[in-house]
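Shown next, in structure tokens, is the structure this report addresses.
In this text the structure is predicted, and so the values were computed from the model without any measurement. Per chain, numbering begins at 1; letters A, B, ... match sequence-line order.
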Amino acid sequence: MKDYSRNFLFYPPLALASGTWGLGENLFKYYSPAEVKETFGVLVTKGISLKPRIGNLPPRIWETPCGLINSIGLANPGVKEFKKIFLTGLLKTEVKIFVNLYGEEIEDFVALAEEFKGTGVSGLELNISCPNVKKGGIAFASQPEVVKELVKEVRKVWEGSLWVKLSPVGPVLDVAKACESSGADAIVCANTYPGLVVIEGEKVLKGGVSGPAIKPLTLRLVYELSREVSIPIVGCGGIASAKDVLDYFVCGAKAVEIGTAFLIDPELAKKIAKELKEKWDM
Amino acid sequence: MKDYSRNFLFYPPLALASGTWGLGENLFKYYSPAEVKETFGVLVTKGISLKPRIGNLPPRIWETPCGLINSIGLANPGVKEFKKIFLTGLLKTEVKIFVNLYGEEIEDFVALAEEFKGTGVSGLELNISCPNVKKGGIAFASQPEVVKELVKEVRKVWEGSLWVKLSPVGPVLDVAKACESSGADAIVCANTYPGLVVIEGEKVLKGGVSGPAIKPLTLRLVYELSREVSIPIVGCGGIASAKDVLDYFVCGAKAVEIGTAFLIDPELAKKIAKELKEKWDM
Amino acid sequence: MQKVKIILNKKEAPGIFLMGLDVGKEYTKKCSPGQFVRLKAWDSFDPLVPRPFTIHAVKDERLYILYQVRGKGTRFLCRMEPGEEVEISPPMGNAFPQLKDYVLCAGGVGSAGFGFLLQEAERGSYPLPKKFYYAARTGELLARAQFFQNFSVPLALITEDGSLGKKGLITDVLKEELKEERPGAILACGPLPMLKAVAKLGEELGIKVHVVLETFLACGEGFCMGCVIPLKNGKYAYLCKTGPTFPAEEIDFERL
Amino acid sequence: MQKVKIILNKKEAPGIFLMGLDVGKEYTKKCSPGQFVRLKAWDSFDPLVPRPFTIHAVKDERLYILYQVRGKGTRFLCRMEPGEEVEISPPMGNAFPQLKDYVLCAGGVGSAGFGFLLQEAERGSYPLPKKFYYAARTGELLARAQFFQNFSVPLALITEDGSLGKKGLITDVLKEELKEERPGAILACGPLPMLKAVAKLGEELGIKVHVVLETFLACGEGFCMGCVIPLKNGKYAYLCKTGPTFPAEEIDFERL
Ligand SMILES: Cc1cc2nc3c(=O)[nH]c(=O)nc-3n(C[C@H](O)[C@H](O)[C@H](O)COP(=O)(O)OP(=O)(O)OC[C@H]3O[C@@H](n4cnc5c(N)ncnc54)[C@H](O)[C@@H]3O)c2cc1C
Ligand SMILES: Cc1cc2nc3c(=O)[nH]c(=O)nc-3n(C[C@H](O)[C@H](O)[C@H](O)COP(=O)(O)OP(=O)(O)OC[C@H]3O[C@@H](n4cnc5c(N)ncnc54)[C@H](O)[C@@H]3O)c2cc1C
Ligand SMILES: Cc1cc2nc3c(=O)[nH]c(=O)nc-3n(C[C@H](O)[C@H](O)[C@H](O)COP(=O)(O)O)c2cc1C
Ligand SMILES: Cc1cc2nc3c(=O)[nH]c(=O)nc-3n(C[C@H](O)[C@H](O)[C@H](O)COP(=O)(O)O)c2cc1C
Ligand code: FES
Ligand code: FES
């Protein structure tokens with residue numbers, strides 16, 4: 001087993017992915033404070049916007065073969081409420097907190113970044129890849145030039161870690177290069193895949209597909225991108241076992257995020273982290 | 001149940017997808033001649049190239065969660081051998097035969113198309129989407145202008161049905177429109193998704209992902225494309241049940257192709273066709 | 001999720017099974033009527049997420065669920081044998097509300113959760129319902145009728161085809177009986193059309209109705225925000241966080 | 001694929017099971033030693049494709065496989081109970097070659113197919129092998145040794161730890177014994193390293209070796225061209241079409 005330890009972007013090299021563990025409310029039903037620190041190097045919050053968002057109508061989520069499709073619509077309490085009610089609790093975990101930001105315009109992202117100055121937040125993850133909102137989100141991901149501008153502008157006001165979460169569709173390589181050249185510290189590869197299910201033969205649910213089904217696809221992206229960009233890549237897509245994590249490292253990731261697997265069983269990440277530590281003898 | 005019968009591109013509206021039933025050798029181990037006709041409206045051959053191709057080294061195929069990944073490398077006997085040894089048998093099925101064509105340059109496709117003039121072949125499916133070859137294949141699918149040129153050139157020499165099989169990645173909509181404007185009779189949506197698996201923690205297999213895992217992704221593509229182009233769309237990706245077929249029709253397909261499910265169980269298509277006929281009362 | 005041993009997996013009615021699990025006393029002590037557990041009985045990602053089932057009954061270190069075979073997940077479940085293991089989540093969701101002067105209404109396996117409620121009611125930790133209306137399409141589908149009969153609460157069986165108990169829909173019987181003696185509240189669990197009908201009846205008769213709802217649950221724990229229930233006030237509630245029992249008058253059944 | 005009933009699913013050794021299937025006489029009549037069947041015992045797309053197993057034995061309307069639990073598919077298989085059904089393909093692949101003056105070499109469950117071969121050899125439809133060398137890591141892993149003992153062919157048991165039969169690797173024993181009395185051919189089935197070693201030994205001693213190979217099979221029927229075996233002549237063979245038994249000298253083990 002090769003030793004990847006010196007190459008981790010953070011340690012333990014597991015993060016909780018945005019939108020798959022809420023805002024931390026029930027985390028401690030499954031983890032002791034010590035276990036949180038032993039398992040996760042970073043916690044990425046649900047997507048936060050300037051204004052509160054109520055989210056989409058039901059059905060919002062459905063199962064696909066070995067995957068999930070969701071169209072939550074970035075339901076969140078808005079940045080003010082988030083800071084007031086949730087952030088303090090999250091910072092108490094003593095794990096690096098990254099806030100996943102969602103905006104419709106570049107200015108929204110900048111305003112959001114300003115909100116987190118001096119709050120103790122370690123980093124920002126710019127969500128330019130949500131497939132479930134009318135404006136913003138994935139629309140950015142088709143325009144590498146706009147992404148470049150976005151990262152530059154946020155970089156001006158934000159000195160902490162700055163990650164960009166890519167969409168797995170569109171001109172991914174160009175977007176990754178745009179992030180690299182405009183000052184992003186890492187890219188997260190990737191968000192969900194635009195998908196669709198027909199429920200009960202009638203209702204059409206359009207959303208983003210996540211889970212084991214997409215793992216071979218995102219793994220390939222990480223493999224390709226890691227050969228083309230030099231900033232670290234955080235792998236994210238379908239991770240549900242220690243082998244999955246190792247596969248991402250083999251393909252060039254420097255850390256990973258776990259999403260859907262946390263919904264299946266919150267304690268899976270704990271087991272994965274333990275297994276990895278044993279493998280790495282750390 | 002809505003009646004889709006008047007809208008079928010061919011009938012029965014099931015085709016066997018390229019590369020998943022060989023060149024017909026063992027088809028009759030599972031189907032009587034009558035059953036072939038009752039189940040399939042079209043049989044699409046394995047990709048055929050000008051010269052014989054030996055294909056890729058092992059491992060060529062592996063399982064992914066709810067899917068397969070393959071890197072066959074378009075192994076085929078070449079057009080001359082195909083015509084001499086296999087075509088006659090295929091034409092005897094009395095089912096419309098479509099030949100899936102693979103070339104590295106536009107000229108290759110034109111030369112291949114010429115080969116099938118007057119052979120009794122009903123149509124050609126231009127494979128511009130194979131992810132497992134160094135030249136040609138998916139490279140076309142990133143260049144809508146080249147696809148336009150390709151279809152125009154083949155159209156000049158080929159009067160039968162002309163389909164283009166799209167890749168699900170890249171500028172899919174632009175490619176679809178290029179097909180539409182240059183004389184294609186239908187588009188097939190879609191081929192496999194570029195993917196990767198790490199075998200036994202070491203070996204990297206890059207290939208195309210197919211099967212139920214990708215169904216929600218391709219279904220979404222069919223849904224989007226059918227709203228943007230007016231030539232018929234043949235849906236292809238992860239179909240393994242009658243419900244899957246109906247889902248594709250709900251999303252705008254006018255026929256479908258079955259691939260991986262035929263590998264799982266050759267007789268599944270027979271059952272699906274029966275179930276559909278009962279539903280449609282035909 | 002923890003592994004627990006199956007001690008029973010018995011067909012109770014066509015397509016309906018009773019599963020007993022040895023979860024331990026520590027576990028059963030934490031359970032309340034109205035809560036559910038998530039179960040996984042397959043070593044596969046298809047189905048992907050554990051399936052939710054209401055706690056049907058609890059005895060010492062044992063927990064029971066009553067379930068209907070619907071799709072892949074429940075098909076896996078019903079093939080399990082005693083002695084084999086399943087994975088179980090902690091108890092989830094909220095307990096049934098403590099109601100006064102109320103009746104129970106169940107359609108089909110919607111009856112499941114009322115077993116535990118009646119057990120607790122007899123033990124005194126829940127108010128005793130005045131009556132339990134239990135309906136199904138046919139008599140043989142009234143799973144566990146025998147078990148429910150063991151409690152001191154009067155049990156009214158109702159079948160659509162009249163093969164057992166009163167003939168008709170549950171709302172037909174309720175309409176008749178509740179007019180005479182109006183209860184303080186109705187706690188109803190069953191298929192959505194039934195819940196809508198009972199809610200409407202409650203509105204007409206001025207009786208407060210509580211409905212136990214279902215949606216597809218990904219996490220059951222408030223993490224994913226997927227299990228959204230539209231409310232009349234335009235907002236959304238999450239089934240797993242605020243439910244699964246809701247005051248019927250708050251639910252926007254049209255958008256559900 | 002057709003559904004057939006399981007009549008037996010018994011542990012024969014740690015991690016190794018014997019499954020009996022009631023496939024009917026029509027089916028067993030079509031089977032030859034060396035062929036395999038594809039089985040599916042799960043209602044799920046994960047695992048996706050049915051798993052291949054060599055026909056271990058045939059009796060009247062019954063077909064047996066001897067299998068080792070390796071991953072998801074075989075884990076599903078080993079949990080099945082008699083009375084339940086599995087889906088089975090027609091018999092696939094080619095029969096073992098008819099060899100003269102030959103010995104059998106099996107490593108672990110590689111022995112599976114030789115049961116059917118011995119059955120047919122005793123019935124006279126196959127030449128009788130001179131000897132059957134059967135090796136495993138430990139004695140308890142020599143699954144079905146008892147069964148193999150019932151045939152008139154001498155059985156040599158070999159274990160790495162010496163807990164049963166001769167101690168050592170199968171090639172150690174072969175090296176010794178075959179020098180004295182050189183057979184006309186060796187038919188070998190087992191893990192790849194063993195097959196390579198036996199092939200090398202055959203080359204050294206000038207004995208023709210036939211090896212039974214394994215790859216991941218998607219279709220088992222020549223449809224997918226996935227099961228490729230590289231040959232020394234630079235071409236490829238397909239395991240399911242030309243195999244699973246190949247003359248060892250034709251195989252390019254380096255590229256396998
Ligand atoms: C809080 C809660 C408590 C429950 N308690 C019980 C119980 O005690 N006993 C019991 O038998 N069942 C109960 N259910 C329902 C049970 O969870 C489902 O029947 C089960 O998840 C179906 O899984 P499956 O894999 O067998 O079916 P699937 O393959 O998932 O689905 C089969 C069919 O049902 C549809 N379907 C599945 N889930 C839903 C849903 N939530 N809403 C609408 N349609 C759906 C699917 O579209 C499909 O047509 C409960 C559900 C919830 C949310
Ligand atoms: C023609 C043929 C006949 C066979 N006959 C028998 C038999 O009689 N008895 C028996 O026990 N087994 C037999 N096998 C092997 C058997 O098919 C596999 O053990 C089985 O498919 C494993 O399935 P699984 O889902 O349990 O494991 P998986 O989850 O698919 O795999 C478990 C592990 O094994 C590895 N693996 C799986 N398949 C292969 C492969 N083909 N080559 C290399 N590594 C692999 C995987 O990478 C993984 O590490 C045969 C195989 C072939 C091709
Ligand atoms: C229910 C749900 C909600 C999500 N919400 C967000 C979000 O708010 N912001 C975001 O960037 N990604 C969101 N994602 C995407 C995940 O963070 C992750 O990128 C994706 O699911 C792929 O990883 P996985 O396969 O491990 O789930 C969400 C995913 C799910 C399943
Ligand atoms: C083993 C294998 C070989 C394939 N070979 C070809 C091919 O030669 N030409 C082609 O256009 N598509 C080929 N495909 C793609 C299929 O025709 C089909 O488009 C794809 O698998 C998606 O459909 P499915 O999910 O039903 O399999 C191949 C797929 C598989 C699995
Ligand atoms: S099921 Fe995930 S929030 Fe309720
Ligand atoms: S397994 Fe498909 S060709 Fe051999």
Side-chain angles (χ1 to χ4, degrees), chain C residues 1-23 38-53 65 67-89 109 216-219 224 226, chain D residues 1-23 38-53 65 67-89 109 216-219 224 226:
Chain C
M1 308 278 290
Q2 68 184 98
K3 287 201 173 168
V4 296
K5 203 163 258 179
I6 298 171
I7 48 166
L8 180 90
N9 196 17
K10 188 169 142 274
K11 194 177 210 163
E12 288 284 332
I16 301 176
F17 289 76
L18 177 70
M19 179 176 272
L21 299 169
D22 181 357
V23 294
R38 296 205 309 156
L39 291 182
K40 192 163 178 287
W42 48 89
D43 183 15
S44 164
F45 293 124
D46 173 38
L48 189 77
V49 292
R51 302 306 200 221
F53 302 95
I65 63 160
Y67 66 97
Q68 184 158 35
V69 177
R70 285 211 211 153
K72 279 187 180 181
T74 45
R75 252 189 327 263
F76 271 116
L77 262 195
C78 79
R79 286 206 219 92
M80 301 297 286
E81 302 278 331
E84 294 189 289
E85 290 182 326
V86 295
E87 287 183 79
I88 190 170
S89 71
V109 281
F216 177 79
L217 299 188
C219 68
C224 72
Chain D
M1 308 278 289
Q2 68 184 98
K3 287 200 172 168
V4 297
K5 202 163 259 178
I6 298 171
I7 49 167
L8 179 89
N9 195 17
K10 190 169 141 272
K11 195 177 209 162
E12 289 283 331
I16 301 176
F17 291 75
L18 176 70
M19 180 176 272
L21 298 169
D22 182 357
V23 294
R38 298 205 306 156
L39 290 182
K40 193 165 178 283
W42 47 89
D43 184 14
S44 163
F45 292 123
D46 174 38
L48 188 77
V49 291
R51 301 306 197 222
F53 302 94
I65 64 160
Y67 66 98
Q68 184 158 34
V69 176
R70 285 212 211 152
K72 280 186 179 183
T74 45
R75 257 195 316 270
F76 272 116
L77 261 196
C78 79
R79 287 207 218 89
M80 301 296 287
E81 301 279 331
E84 294 190 289
E85 289 181 328
V86 295
E87 287 182 80
I88 191 170
S89 71
V109 282
F216 176 79
L217 299 188
C219 68
C224 73

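What you find for D:R75 and C:D43 is that their closest heavy atoms are NE-OD2, 2.5 Å.
The aromatic ring centroids of D:F45 and C:F45 lie 6.0 Å or more from each other.
Atom CZ of C:R79 and atom CE of D:M80 lie 6.5 Å apart (nearest 0.5 Å).
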